[in-house]
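Here is the naming used below: chain letters follow the sequence lines, and residue numbers restart at 1 for every chain. Note that the coordinates shown come from a computational prediction; the quantities given were computed from them, not determined experimentally.
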2 protein chains.
Amino acid sequence: MTVTLADVAARARVSPATVSRVLNGNYPVAATTRERVLRAVDELDYVLNGPASSLAAATSDLVGVLVNDIADPFFGIMAGAAQAEIGGQEGTGRAGGEKLAVVCNTGGSPERELTYLTLLQRQRAAAVILTGGALEDPRHIAAMTTKLAKLADAGTRVVLCGRPPLPGSEAIVAALAFDNRGGGQRLTEHLLALGHRTIGYVAGPAERTTTRHRLEGHRAALRAAGRDDGAGTDGRESLTVHGPYSRRSGYEATLELLRRAPDLTAVVAANDTVALGACAAVRDKGLRIPEDISVAGFDDLPFSVDATPALTTVRLPLHEAGGRAGRLAMGMETPPPGGIATIAAELMARASTAPPRTD
Amino acid sequence: MTVTLADVAARARVSPATVSRVLNGNYPVAATTRERVLRAVDELDYVLNGPASSLAAATSDLVGVLVNDIADPFFGIMAGAAQAEIGGQEGTGRAGGEKLAVVCNTGGSPERELTYLTLLQRQRAAAVILTGGALEDPRHIAAMTTKLAKLADAGTRVVLCGRPPLPGSEAIVAALAFDNRGGGQRLTEHLLALGHRTIGYVAGPAERTTTRHRLEGHRAALRAAGRDDGAGTDGRESLTVHGPYSRRSGYEATLELLRRAPDLTAVVAANDTVALGACAAVRDKGLRIPEDISVAGFDDLPFSVDATPALTTVRLPLHEAGGRAGRLAMGMETPPPGGIATIAAELMARASTAPPRTD
DNA sequence: CTGTTAGCGCCTTCAG
DNA sequence: CTGAAGGCGCTAACAG
């Protein structure tokens with residue numbers, strides 16, 4: 001029924017081994033022979049049996065890219081860039097030695113993250129790229145560390161992209177970490193410099209590295225200016241509210257912040273999506289941006305520049321980072337010294353932030 | 001080195017066959033035996049060898065989801081919903097019989113679409129879901145038809161989601177098509193009812209089903225109202241401009257439309273992202289939305305309600321469609337009669353459209 | 001440069 | 001309900 005390598009060999013009047021060699025292209029074969037084999041392949045419309053090949057070779061051409069939320073362009077941009085490096089040779093049409101870059105959506109669930117890694121391990125994946133922030137739960141960290149060690153043991157290359165390195169994990173080829181802390185700090189410094197004194201912060205979900213680092217940056221800036229986040233200062237409530245990375249969360253948290261601090265003049269959001277929700281809340285309260293309230297985001301996703309007013313945010317080079325992760329996963333680029341690289345975050349001051357009113 | 005099924009069998013004091021049976025769960029095994037085997041699996045930390053298993057069984061647990069642009073939430077939402085149905089059992093932690101749902105980014109390139117299908121065919125994928133509009137080039141359609149037929153022949157279930165059925169392809173389990181034509185028509189009817197007479201249209205890339213159907217709906221509405229798209233009416237240029245599904249395209253096309261027709265009062269965009277670009281162009285021209293120019297999008301992505309003003313658009317039930325496609329791919333839902341279902345598109349009239357000025 | 005020879009690890013009849 | 005045996009299709013040493 002299905003045509004096998006042996007059929008191709010017979011038609012090309014060579015041995016199966018020779019066919020295998022021309023298909024994999026990593027062994028010298030006479031040009032005329034290769035030609036004959038390739039013709040037979042086309043004539044028979046032969047498609048390599050991946051599982052059989054992987055079994056015999058003990059590796060597969062699968063590369064997994066794990067993302068926390070596939071509907072969020074933050075991840076989509078990184079994953080797309082990585083895939084382009086991995087499977088983007090714009091092949092011959094016959095699908096030669098391409099890798100199969102696939103993205104897996106964990107939905108932010110630690111269990112699914114682990115499950116996907118097991119599935120990828122089961123497939124003997126050539127490489128795995130983990131994108132975005134990680135959960136900081138010690139149990140999960142431990143589970144991840146051992147799981148990644150096993151993957152590495154089995155020859156799978158592990159690359160982190162937009163995620164800090166795991167403690168004491170030599171299993172990892174490279175970790176590309178965003179400077180979330182520095183970015184968060186510069187953003188709040190920007191607001192402080194504009195004259196803001198009461199700044200609300202809509203943080204991401206607790207226990208996530210991204211959330212914590214951005215918040216730390218924010219607080220460091222406040223502290224350096226002799227301020228804190230409001231909690232306890234004069235008996236008032238904290239000006240930090242946690243929530244998921246969603247528009248809705250930004251909306252509700254901003255309403256809550258406005259309630260806690262009527263003298264609020266600025267809101268910093270965990271990311272751009274959250275910032276959009278914050279903007280909506282500010283408007284629904286009849287306040288203007290930035291005249292009454294300044295709003296800032298994080299990530300600089302493509303839509304941010306189109307917000308009205310254009311959103312002040314922190315730019316992360318998602319495309320570049322994803323592409324680099326892809327090349328590292330393919331062994332096409334040498335890892336940074338120590339396996340760790342910190343990727344700079346750049347402040348993008350736009351129209352959604354301005355000095356507070358002085359009345 | 002690596003632990004195999006035989007190792008587990010030895011430890012559990014059963015035959016390899018029995019271990020295989022409990023792992024696959026599709027054969028009666030005594031409860032106590034199963035228990036013993038499962039314990040051995042955990043103790044040895046055994047992970048099934050996917051390639052070996054797929055080779056022997058002649059099928060794999062891979063399910064591919066092809067998308068045109070992974071950074072676009074339009075696809076991310078559908079893909080995420082599909083994945084949740086396919087791999088979302090929140091497993092036991094041991095990764096039992098889960099399928100591995102993976103998304104592949106074609107970037108809209110027909111070659112890569114074919115390449116990915118070949119790669120998936122090579123892996124003997126259990127199912128493939130194709131999302132979003134298709135290229136209408138006859139050569140590509142022919143290539144896709146034969147390729148999908150081969151996949152189906154090899155036992156791969158093929159499902160289309162947000163894509164019209166291919167002509168004469170019985171290879172497909174089901175096609176879930178959006179009513180892009182009806183949606184486009186209702187949208188333009190809405191503008192016509194508001195009193196608009198000179199309506200610009202920023203279409204998507206030519207030769208794509210989605211583009212064509214939405215445009216057809218637009219023109220049908222114009223025709224029913226005794227209008228056309230402007231071309232030739234009184235010697236003026238067409239009010240339809242084509243471009244990619246990007247913000248930039250919307251921006252530039254709108255500038256062009258404004259140049260072609262100074263009396264323009266409304267712009268309909270190919271999708272919400274394009275509409276955002278259109279809004280930016282309108283504003284940069286010093287015009288107000290909707291007082292001077294009405295703007296409308298398509299898809300109703302999450303950010304659309306947050307645009308300022310909130311974007312009038314056409315809602316597509318992306319999440320529901322993706323979930324249904326996932327279930328169809330898993331054989332968990334019976335296909336619609338004839339294998340084809342048309343999914344309704346709902347007009348969402350919001351603040352970005354209003355009657356034109358009457359001066 | 002090409003052919004021969006063994007498996008890779010698992011599933012699946014077939015017996016028991 | 002469980003064990004034994006053969007083979008899935010390909011690759012990787014070895015020879016030549």
Starting at the 5' end of nucleotides 10-16 of chain C, put B wherever the base has a protein heavy atom under 4.0 Å, S where only the sugar-phosphate does, and a dash everywhere else.
BSB----

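Under the side-chain contact (heavy atoms from CB on, under 4.5 Å) criterion, B:Val173 pairs with B:Arg157, B:Val159, B:Pro335, sequence neighbours left out. Taking A:Arg124 as the reference, nothing meets the salt bridge (charged side-chain N to carboxylate O under 4.0 Å, His left out) condition, with sequence neighbours excluded. Partners of B:Ser20 by side-chain hydrogen bond (donor to acceptor under 3.5 Å, both in side chains), not counting sequence neighbours, listed by chain and number: B:Asn24. Taking B:Glu35 as the reference, nothing meets the salt bridge (charged side-chain N to carboxylate O under 4.0 Å, His left out) condition, with sequence neighbours excluded.
Side-chain N/O atoms of A:Thr18 include none lying less than 4.0 angstrom from OP1 or OP2 on C:dC1.
If you measure from atom CG of A:Asp61 to atom C1' of D:dT11, you get 14 Å, rounded to the nearest angstrom. As rounded to whole Å, 12 Å separates atom P of D:dG9 from atom CG of A:Leu55.
Applying the side-chain hydrogen bond (donor to acceptor under 3.5 Å, both in side chains) rule to pairs touching residues 130-147 of chain A yields A:Glu113-A:His140, A:Thr118-A:Lys147, A:Gln121-A:Lys147, A:Glu136-A:Arg212, sequence neighbours excluded.
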